[in-house]
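If you're wondering where the values come from, they're calculated on a predicted model, not measured in any experiment. What's counted below: heavy atoms across the whole structure, side chains too, no hydrogens, waters or symmetry copies. Here is the naming used below: chain letters follow the sequence lines, and residue numbers restart at 1 for every chain.
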There are 2 protein chains.
Amino acid sequence: MPFTYEYPRPAVTVDCVVFGLDTEPQLKLMVIQRAHPPFAGEWALPGGFVGMDEDLEESARRELKEETGIDHIFLEQLYTFGKPGRDPRGRTITVAYYALINLSEHPVTAASDAQDARWFEVNHLPKLAFDHDQIVATALQRLRGKVRYQPIGFELLPRKFTLTQLQQLYEIILEKPLDKRNFRRKILKMDILVALEEYQTGVPHRAARLYQFDEKKYQQKIKAGFNFEI
Amino acid sequence: MPFTYEYPRPAVTVDCVVFGLDTEPQLKLMVIQRAHPPFAGEWALPGGFVGMDEDLEESARRELKEETGIDHIFLEQLYTFGKPGRDPRGRTITVAYYALINLSEHPVTAASDAQDARWFEVNHLPKLAFDHDQIVATALQRLRGKVRYQPIGFELLPRKFTLTQLQQLYEIILEKPLDKRNFRRKILKMDILVALEEYQTGVPHRAARLYQFDEKKYQQKIKAGFNFEI
DNA sequence: TCAAAAGTGTTGACGGTACACCCATGT
DNA sequence: ACATGGGTGTACCGTCAACACTTTTGA
């Protein structure tokens, strides 16, 4: 191999901040219990070393699948953390990703490097290994910022959802109440949802209409200069 | 060292996308001519390998200083690129940063690994080494997105500037004309600029008033819920 | 029939946009 | 005096925020 670089290298890992929305409704975070040192037995973000022939995102998806069973979800690069000393094994740089998932449609199974994989309410997280607290804080900040300008909130809901579910999602993430009538008017006016001829079932009150996010229509509108904003 | 990880590791580099605003006015990009293989003699972003005991941002600032003489500027992490094959020397992951600078206040001097360091108009860039075209494209996208919601544009101007300069800055970055009266009203209404009792000099027409960005006031307003938006 | 959430309109305030002329200065 | 950019106000329209009651359904 030409021009090979012969100096010591940092190790490179990926970590995944996976947010899920529970039915209560609450914003939750997926954490695993580490099976191996360092920090064996402690809670941490799913993640691991990047393979030599693996793209970064591919790596993140693989680790997530191996450690939690979660697959095929919205995943985006978040930030790269590399402060010397953040890993007791020696210099380690981690490329963090964040993911959004609908809790009810994705059962979780601990596997491989993890003894256990569990959802925790984001406001009641256990102490996390490494600098994972900081990574989660960064991810939350990103989520709060991004959810207002891009329609990523739908990733947290089931494919068919009610307007009240959607509103609660924004209320939880943005941590402030929204006006029902104004919210509905605004979101429907965007014309990126399809109203289904289907309704909630099993609720002890009037059943709400179900909606779906129309990705195609959204992409068309984007091209025409449309700006999503809550 | 406990738990040392003994598998092969990717190399890790940093690269800097440095934007500058010229007086013409034009948005420019700093590129260097590589002194060493691979791609010796070709144009590329300033950057290099991360030291084993160096934080990532520190590393980016060091490389920038070494290769271009530029120092003490606005610099933020952009994105991490790690597709296998992006560097002919073998697996290399690069953490890209972007920087904003006022051209007139920062003279440039090629040094160290670089034979030459130069500003190119962003719409007329030479072919760049590695995947640096893609990194620049990502940085431009980020700049266009961010400049509207955060007062980072001031980093591109001299400390004292006219409202017309500020407007032109936004017109160049956002690639669309803005209405003079509306722009002025909007920016002054924000109350984050201080109007100086100083004026342009050496212009063959009425001299414009100079303004300064008031960082302190801005931070105060942010805490009080203010949102910057152009 | 009661409890619980679904669904629906109007008004007033504010901010955005469009638009044209006089002023100050240096040559 | 002329050329060049500096600097200013108003009217219209659309969007946002505030606000309360009736309807539907299951228990």
Worksheet item: For the pair made of CD in A:Gln200 and C1' in D:dT25, what is the distance, rounded to whole Å?
Response: 11 Å
Worksheet item: Which of these, A:Tyr79, A:Tyr97, A:Tyr98, sits in a side chain to side chain contact (heavy atoms under 4.5 Å, CB included) with A:Val17?
Response: A:Tyr98
Item to complete: Please tell me if the side chains of A:Val95 and A:Asp15 come closer than 4.5 Å, counting only heavy atoms from C-beta onward.
Response: no
Worksheet item: Hey, does the side chain of A:Arg184 come within less than 4.0 Å of C:dT8's phosphate (OP1/OP2), counting only N and O?
Response: no
Discussion item. Any salt bridge linking A:Lys28 with A:Asp22? Criterion: basic side-chain nitrogen under 4.0 Å from a carboxylate oxygen.
Written reply: yes
Item to complete: Give me the bend of the helix from C:dT1-D:dA27 to C:dT27-D:dA1, using the axes of the five pairs at each end, rounded to 10°.
Response: 10°
Worksheet item: Between D:dT15, D:dG7, D:dG9, which nucleotide has the shortest distance from any of its atoms to the side chain of A:Lys189?
Response: D:dT15
Worksheet item: Starting at CG of A:Asn182 and ending at P of C:dT10, how long is that distance when rounded to a whole Å?
Response: 14 Å
Fill in: Whole-Å gap separating P (D:dT15) and CG (A:Leu188)
15 Å
Worksheet entry | Distance-minimising heavy-atom pair for A:Gly20 and A:Trp119 | N-CZ3, 3.5 Å
Discussion item. I need the CZ-C1' distance between B:Phe161 and D:dG5, as an integer number of Å.
Written reply: 18 Å
Worksheet item: Rounding to a whole Å, what distance do you find between B:Ile187:CD1 and C:dT17:P?
Response: 14 Å
Discussion item. Strictly below 4.0 Å, N to O, side chains only: are A:Glu76 and A:Lys146 in salt-bridge contact?
Written reply: yes
Worksheet item: If you measure from the Lys or Arg side-chain nitrogens to the Asp or Glu carboxylate oxygens, is any gap between B:Arg209 and B:Glu197 under 4.0 Å?
Response: yes
Fill in: Rounded distance (Å) that lies between atom P of C:dG16 and atom CZ of B:Arg148
12 Å
Fill in: Considering all heavy atoms, the nearest A:Gln77-B:Thr80 contact
NE2-N, 2.7 Å
Fill in: Option from B:Gln115, B:Glu42, B:Arg118, B:Glu67 for which side chain to side chain contact (heavy atoms under 4.5 Å, CB included) with B:Ile32 holds
B:Glu67
Discussion item. Side-chain N or O of B:Lys186 versus OP1/OP2 of C:dG15: is the shortest distance under 4.0 Å?
Written reply: no
Fill in: Nucleic acid contacts - residues 162-176 of chain A versus DNA chain D, non-hydrogen atoms under 4.0 Å
none
Worksheet item: Reading nucleotides 20-27 of chain C from the 5' end, what letters show protein touch, with B for base, S for backbone sugar-phosphate only, - for no heavy atom under 4.0 Å?
Response: B--BBBS-
Practice prompt. Quick one: label A:Arg209 by what it contacts on the DNA or RNA (base, sugar-phosphate, nothing), any heavy atom closer than 4.0 Å.
Written response: sugar-phosphate
Fill in: Charged N-O contact under 4.0 Å between A:Lys217 and A:Asp191
yes
Worksheet item: Which atoms form the tightest heavy-atom contact between B:Met30 and B:Val108, and what is the distance?
Response: CE-CG2, 3.2 Å
Practice prompt. Fit a plane to each ring of A:Phe228 and A:Tyr170, take the angle between them on a 0 to 90° scale, and name the class: parallel (under 30°), tilted (30 to 60°) or perpendicular (over 60°).
Written response: tilted
Worksheet item: Under 30°, 30 to 60°, or over 60°: which ring-plane class applies to A:Tyr218 and A:Phe213, parallel, tilted or perpendicular?
Response: tilted
Worksheet, complete the sentence: Between OH of B:Tyr211 and C1' of D:dG6 the distance, given in whole Å, is 10 Å
Discussion item. I need the CG-P distance between A:Asp179 and C:dG7, as an integer number of Å.
Written reply: 15 Å
